[in-house]
2 protein chains.
Amino acid sequence: MPALEGQAKPVSPARDALLETECPADEVLALKQLALLGSMQTNIEVSSSELGDLLETSQQTASRRILSLEHRGLIEREVGVRKQLIRITEAGTEILRKEYADYKRLFEMATELHIRGVVQSGLGEGTYYMTRAGYVRQFESKLGFKPYPGTLNLELQGTEVNKIRLLKASSPLLIEGFRDEARTFGEVFAWKARLDGASACALILPKRTHYTRVVELLAPERLRDRLRLVDGQELDVVVTLQP
Amino acid sequence: MPALEGQAKPVSPARDALLETECPADEVLALKQLALLGSMQTNIEVSSSELGDLLETSQQTASRRILSLEHRGLIEREVGVRKQLIRITEAGTEILRKEYADYKRLFEMATELHIRGVVQSGLGEGTYYMTRAGYVRQFESKLGFKPYPGTLNLELQGTEVNKIRLLKASSPLLIEGFRDEARTFGEVFAWKARLDGASACALILPKRTHYTRVVELLAPERLRDRLRLVDGQELDVVVTLQP
DNA sequence: ATTACTATTCTACGAGTAT
DNA sequence: TATACTCGTAGAATAGTAA
């Protein structure tokens with residue numbers, strides 16, 4: 001191993017970052033139990049065997065939980081001979097708040113869906129479709145802006161792909177299909193959305209498309225210019241759902 | 001061991017009850033993660049290695065989590081050769097909803113505090129104090145009822161004792177102290193409360209009392225008669241907090 | 001690619017106990 | 001009584017791999 005290594009570098013920065021967040025599920029459970037006993041507001045008096053009963057585990061394990069939570073700085077204690085007083089710290093409260101936020105997202109009828117995708121060079125057909133008068137008219141009235149004639153393709157990767165199902169399970173705006181001289185144009189789903197740095201935008205998906213990993217973004221302006229996007233770049237869209 | 005034992009008894013009913021609720025913290029975590037991916041609303045496509053990444057564990061462990069959740073009936077799957085579709089069942093949603101309820105209680109400014117205690121035969125001094133005109137006048141005006149001349153003592157046991165601290169940390173009604181011919185009477189904290197089967201009641205605690213395990217209940221009527229209480233009986237009180 | 005088995009490593013539980 | 005240590009062991013996690 002070269003002697004230089006690890007000199008200027010902080011000792012495993014990734015590991016430090018982990019230590020902050022990494023708290024085993026069992027310990028979070030213990031922390032939650034302590035909080036339910038009121039230790040976010042005041043010192044509480046709990047013996048390790050009482051906590052063990054509440055967590056359906058042994059006194060020894062409960063004691064280890066308490067020690068571990070203390071070492072992580074999530075609780076503070078005053079240990080006497082006959083009793084210990086426990087109080088959850090700000091850091092501990094933060095962990096619980098984070099959990100709460102997760103569950104809140106699940107049940108409080110999420111009105112926003114955050115989607116991350118990779119900017120993809122489209123095949124140009126987007127422009128052809130999105131400039132058909134039959135579509136443009138509806139975009140203007142239903143989305144509230146006149147779209148730039150062209151779409152930005154966003155490819156979803158990994159588990160992000162599931163959000164397409166989620167989108168379709170919400171109530172999308174329906175852009176009706178129509179027929180011109182040459183052919184028919186199918187129905188399109190649309191959702192109002194938000195992009196950091198752009199005024200307004202919308203996410204659209206042909207109704208009949210299944211199993212795609214790609215969604216298209218419409219905006220009043222050319223998003224590639226406005227946001228200085230290049231292919232392969234990651235982009236976050238916030239879709240507004242009406243449940 | 002007697003041959004009779006365990007014959008008529010159902011096979012460990014307590015264990016059956018446990019199996020319903022008992023779900024290891026790590027599995028609840030996995031379930032939550034699946035839910036965050038949208039599997040409460042639709043089928044989602046997650047490989048075990050993707051879930052492993054999200055949970056910061058191995059593909060094998062994630063696979064085991066999925067199998068275990070399925071065996072518990074918390075998720076349903078369609079497993080193909082190249083992909084699996086996962087959806088959370090009603091039972092799974094119930095587990096998550098339960099967790100959510102816990103966290104909600106922690107953060108949504110709990111306006112009620114459930115306290116369980118054991119009915120205790122008092123020493124009779126409650127009656128002496130609670131019939132002093134200086135107190136009675138304030139009870140009537142601040143609690144909204146004329147109290148029966150006597151209190152019901154409730155002894156809190158184990159971790160329930162901590163709720164006394166919690167009570168004091170909220171904003172109690174303050175019954176002011178006073179002086180009569182003979183002596184001085186100290187300040188008393190009071191909280192409006194509810195008892196199943198009784199119209200109105202209040203929980204009171206002398207302000208200066210520390211380290212007590214006993215709280216006293218006031219009501220317009222004799223609670224022992226109204227609720228047919230006997231010493232040693234457990235009783236639940238719901239205290240109304242104003243945070 | 002997947003899922004999920006078997007074998008092996010190793011973490012973490014709880015009995016016993018010191019303080 | 002408490003807390004919290006050591007330590008043997010059960011079971012969980014991962015490596016390797018089959019299907």
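Lettering follows sequence order; numbering is per chain, from 1. Because the structure is a prediction, the values reported are computed rather than measured.
- By the salt bridge (Lys or Arg N to Asp or Glu O under 4.0 Å) test, E90(A) pairs with R97(A), sequence neighbours left out.
- Contact annotation for T61(B): base contact, defined as any heavy-atom pair under 4.0 Å involving a base atom.
- In this view, T61(B) and S58(B), R64(B) satisfy the side chain to side chain donor-acceptor pair (under 3.5 Å) rule, not counting sequence neighbours.
- Every side chain to side chain donor-acceptor pair (under 3.5 Å) that E187(A) has, sequence neighbours left out, goes to K207(A).
- K168(A) meets the salt bridge (Lys or Arg N to Asp or Glu O under 4.0 Å) test with no other residue; sequence neighbours excluded.
- Contact footprint of chain B on DNA chain C: nucleotides with an atom under 4.0 Å from a non-hydrogen protein atom, first to last in 5' to 3' order, dA1(C) to dC5(C).
- Considering only residues two or more places apart in sequence or on other chains, K32(A) meets the side-chain contact (heavy atoms from CB on, under 4.5 Å) condition with L29(A), L36(A), L96(A), E99(B), D102(B), Y103(B), L106(B).
- For the residue pair Y211(A)/E45(B), the side-chain donor-acceptor check at 3.5 Å is not satisfied.
- Not counting sequence neighbours, R87(A) has no partner by the side chain to side chain donor-acceptor pair (under 3.5 Å) test.
- In this structure, the side chain to side chain donor-acceptor pair (under 3.5 Å) partners of Q120(B), at least two apart in sequence or on a different chain, are E155(B).
- Looking at residues two or more places apart in sequence or on another chain, you find a salt bridge (Lys or Arg N to Asp or Glu O under 4.0 Å) between E234(B) and R116(B).
- When rounded to the nearest whole Å, the span between CG of L55(B) and P of dA12(D) equals 16 Å.
- Rounded to 10 degrees, the angle separating the terminal helix axes of the helix from dT2(C)-dA19(D) to dT19(C)-dA2(D), each built from five base pairs, is 40°.
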Worksheet item: Can you give one letter per nucleotide of nucleotides 4-10 of chain D, 5' to 3': B if a protein heavy atom sits under 4.0 Å from the base, S if only from the sugar-phosphate, - if neither?
Response: BB-----
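- When the side-chain contact (heavy atoms from CB on, under 4.5 Å) test is applied to P24(B), the partners found at least two apart in sequence or on another chain are E27(B), R72(B).
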